[in-house]
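Structure incoming, see below.
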Amino acid sequence: MGTSREMANNLIIRALSANTKSFSLSSRKIVSLPKSIARLKWILTLHLNNNLLSELPTELQALQQLTELNLGNNILLEIPVVLKHLPALRKLYLFGNKIESFPPDILDELPNLTLLNVNHNQIKVIPPQIKSLVNLEVFSIVDNQLEVVPAELGCLVRLTELNLTNNKVSSLPAQMCRLSSLRKLYLARNNLCELPEGISGCTSLKVLDVAGNHLSMFPTDFGSLALEELHCEGNHLVRAELKQSVQEVEVLALKELAARVVLMEDRNKLSMVHQALPNYPELLSMLSQWGRCAVCHRPFFTTWLECVHFINLNKDMGMRRRLTVPVRAVLCSYSCFNAEGHSYYGVASTS
């Protein structure tokens, strides 16, 4: 340990004379960082990866101009508290450690962060304070123990790349559909059974990787995405095979019938219903989750028929890949399902 500390001190002395903007102690078997690191006040980039660091000295906070810090492949058990005193930090690499959680107070103090890489750790929870990283563009949390994606992730409107590969995520919050700048979304090898409706809100999305999940079909608005790459191998996608429909007698509840009438009337801006609804905020809130029939385009409330139609990635979405994938569709009634001229199929239930 003494040898590595002495060697580190010598390298710091050399850096002082060179007045360098970038400094590296990578792959030096360093167990602890010497306090003399505080003398490098002007450096912008610091590489400490591939060492044996379990903590950082408080003296590191003297590096107020630091914009990039690489702590990858060390033995950190938590994100060092001293990082919250480095407000200029823009890129932070913490991959390959033993980190289990994000201290919320640290996230609150890093508003300028544009890249955060915590791959190959043991993180189970992303706290709501993730929304404090308002300038984050790239967030990678590959190969952790994550089970839940917080709704607050949808506040990161500058995010262009999100990588959640190889975790235990079973669902995604609807708020993620607000990420209009997102270009690359990696969700491979999780426990996802569906993607959120409204995914077309990710208007910039070009690459989507959902391989190795439990998807049976894609959301209703999937076809409107301008994707260039889709990876969906290893799912349980519905196949394009015709199945005999099982007819059921439709008996709609009074609540459903009334809701459909109100929703239809609300389309007409001159109607009394449309003008009166703002006076009933609870009713407005209740009706806000309405859907639209894929055949007749009329609204429905809580009763619908789930169907599927098939999209050819090359023909229908302009992608190079010649693959047909199932996309969810909802119809308001068996009358619409039995109508001629559409390509929606019933989803056969399996026991």
**Request:** Using only heavy-atom distances, determine whether the side chains of Asp108 and Ser132 contain a donor-acceptor pair under 3.5 Å.
**Result:** yes
**Message:** For a quick check under 3.5 Å, do Arg322 and Asn314 share a side-chain donor-acceptor pair by atom type?
**Reply:** yes
**Request:** Could you tell me whether the side chains of Asn121 and Asn97 share a donor-acceptor contact shorter than 3.5 Å?
**Result:** no
**Distance, nearest 0.5 Å, that separates CE of Met264 from CH2 of Trp290** = 10.0 Å
**Heavy-atom side-chain contact between Leu237 and Cys232 under 4.5 Å** = yes
**Within 6.0 Å of NZ in Lys29, more than 12 heavy atoms from elsewhere** = no
**Message:** Please determine whether residues Ile106 and Leu153 belong to a single hydrophobic cluster, defined as Ile, Leu, Val, Met, Phe, Trp and Tyr linked transitively by side-chain heavy-atom distances below 4.5 Å.
**Reply:** yes
**Asked** Are Leu116 and Leu133 side-chain neighbours, meaning at least one heavy-atom pair lies under 4.5 Å?
**Response** yes
**Asked** Has the side chain of Ser204 got a donor or acceptor atom that lies under 3.5 Å from a matching backbone atom of Arg183?
**Response** no
**Fill in**
Glu233 meets the side chain to side chain donor-acceptor pair (under 3.5 Å) criterion, sequence neighbours left out, with Arg321
**Heavy-atom closest contact (Gln275 atom, Pro278 atom, distance)** = O-CD, 3.4 Å
**Request:** Evaluate side chain to side chain contact (heavy atoms under 4.5 Å, CB included) for Leu146 paired with Ile141, printing each intermediate quantity in order.
**Result:** CA-CA 9 Å; Leu146 193 65; Ile141 186 169; 4.3 Å; yes
**Asked** Roughly how far apart are Ile123 CD1 and Leu94 CG, rounded to 0.5 Å?
**Response** 8.0 Å
**Message:** Could you check whether any side-chain heavy atom of Leu208 comes within less than 4.5 Å of a side-chain heavy atom of Glu229, counting everything from C-beta outward?
**Reply:** no
**Request:** Would you mind reporting whether Ile130 and Phe102 have side-chain heavy atoms less than 4.5 Å apart?
**Result:** no
**Message:** Using modelled atom types and a 3.5 Å cut-off, is there a donor and acceptor pairing between side-chain atoms of Arg328 and backbone atoms of Val308?
**Reply:** no
**Donor-acceptor contact present, side-chain Thr20 to main-chain Phe23, <3.5 Å** = no
**Item:** Side-chain H-bond candidate by donor/acceptor type, Thr220 with Glu197, under 3.5 Å
**Value:** yes
**Item:** Cationic N near anionic O, under 4.0 Å, Glu100 to Lys124
**Value:** no
**Qualifying residues under side chain to side chain contact (heavy atoms under 4.5 Å, CB included), relative to Val142, sequence neighbours excluded** = Asn119, His120, Ser140, Asn163, Thr165
**Message:** Under the salt bridge (Lys or Arg N to Asp or Glu O under 4.0 Å) definition, can you give me all pairs with a residue in residues 261-281, not counting sequence neighbours?
**Reply:** none
**Message:** Quick one, Val210 with Leu195, criterion side chain to side chain contact (heavy atoms under 4.5 Å, CB included). Give me CA distance, side-chain angles, the key distance, then yes/no.
**Reply:** CA-CA 9 Å; Val210 292; Leu195 297 178; 4.2 Å; yes
**Request:** Flag the pair Met176 / Leu162 as yes when at least one side-chain heavy-atom distance between them is below 4.5 Å, and no otherwise.
**Result:** yes
**Message:** I need the Cys202 SG to Leu185 CG distance, nearest 0.5 Å.
**Reply:** 7.0 Å
**Request:** Answer with yes or no whether the hydrophobic clustering places Phe139 together with Val125; edges join I, L, V, M, F, W, Y residues whose side-chain heavy atoms lie under 4.5 Å apart.
**Result:** no
**Request:** Identify, with sequence neighbours excluded, every residue that meets side chain to side chain donor-acceptor pair (under 3.5 Å) alongside Lys184.
**Result:** none
**Prompt:** Any sub-3.5 Å donor-acceptor pair from Asn312's side-chain atoms to Thr324's backbone N or O?
**Reply:** no
**Prompt:** Going by atom types only, do Asn49 and Ser26 share a side-chain donor-acceptor pair under 3.5 Å?
**Reply:** yes
**Prompt:** Is there a side-chain contact between Leu92 and Leu115, using heavy atoms and a 4.5 Å cut-off?
**Reply:** no
**Request:** Mind checking the CG-CD spacing from Leu56 to Glu59? Nearest 0.5 Å is all I need.
**Result:** 11.0 Å
**Message:** Would you say Gln145 and Lys168 are linked by a side-chain donor-acceptor pair, where the criterion is simply a distance under 3.5 Å?
**Reply:** yes
**Asked** Roughly how far, to the nearest 0.5 Å, is CD of Glu152 from CG of Leu107?
**Response** 11.5 Å
**Prompt:** Are Thr160 and Val138 close enough that some pair of their side-chain heavy atoms sits under 4.5 Å apart?
**Reply:** yes
**Message:** Just to verify, what does Glu68 make a side chain to side chain contact (heavy atoms under 4.5 Å, CB included) with, not counting sequence neighbours?
**Reply:** Thr45, His47, Lys91, Tyr93
**Item:** Where Ile311 and Val327 come nearest, the two heavy atoms and their spacing
**Value:** CD1-CG2, 3.5 Å
**Prompt:** Can you check whether His85's main-chain N or O pairs, donor with acceptor, with Gln64's side chain at less than 3.5 Å?
**Reply:** yes
**Prompt:** Is there a donor-acceptor contact under 3.5 Å from the side chain of Thr114 to the main chain of Arg90?
**Reply:** yes
**Message:** Given 3.5 Å as the limit, does a donor-acceptor pair link the side chain of Trp42 with the main chain of Leu63, or not?
**Reply:** no
**Request:** Could you tell me whether a side-chain N or O of Asn167 sits under 3.5 Å from a main-chain N or O of Asn144, the two making a donor and an acceptor?
**Result:** yes
**Request:** Establish whether Phe300 and Phe337 are linked, either directly or via other cluster members, by ILVMFWY side-chain heavy-atom contacts under 4.5 Å.
**Result:** no
**Item:** In one Ile/Leu/Val/Met/Phe/Trp/Tyr side-chain cluster, 4.5 Å: Ile43, Leu53
**Value:** yes
**Request:** Check the side chains of Ser200 and Asp221 for a donor-acceptor pair under 3.5 angstrom, ignoring hydrogens and angles.
**Result:** yes
**Request:** For atom CZ of Arg260, decide whether the heavy atoms of other residues, nucleotides or ligands shown that lie under 6.0 angstrom number more than 12.
**Result:** yes
**Request:** Quick one: which residue pairs count as a ring pair (Phe, Tyr, Trp, His ring centres under 6.0 Å) with a foot in residues 198-222, not counting sequence neighbours?
**Result:** His214-His236, Phe218-Phe222
**Item:** Pair Thr302, Glu256: side-chain N/O donor-acceptor within cut-off below 3.5 Å
**Value:** yes
**Prompt:** So, do Leu89 and Leu69 sit near enough that their side-chain heavy atoms are less than 4.5 Å apart?
**Reply:** yes
**Prompt:** For Glu161, does the CD atom have more than 12 heavy-atom neighbours from other residues, nucleotides or ligands under 6.0 Å away?
**Reply:** yes
**Request:** Please answer whether the main-chain N or O of Asn235 pairs with a side-chain N or O of Asn213 as donor and acceptor at a distance below 3.5 Å.
**Result:** no
**Message:** Using 0.5 Å steps for rounding, measure from the SG atom of Cys193 to the CG atom of Leu215.
**Reply:** 7.5 Å
**Asked** At their closest point, which heavy atom of Leu172 faces which heavy atom of Leu187, and how far apart are they?
**Response** CD1-CD1, 3.7 Å
**Message:** For the backbone of Ile30 and the side chain of Asn51, can you confirm whether one donor and one acceptor N or O come within less than 3.5 Å of each other?
**Reply:** yes
**Prompt:** Closest approach of Thr58 and Val82, non-hydrogen atoms and distance?
**Reply:** O-CG2, 3.8 Å
**Heavy-atom closest contact (Asn190 atom, Val169 atom, distance)** = OD1-N, 3.0 Å
**Item:** Minimal non-hydrogen separation, Asn112 against Pro87, with atom names
**Value:** ND2-O, 2.8 Å
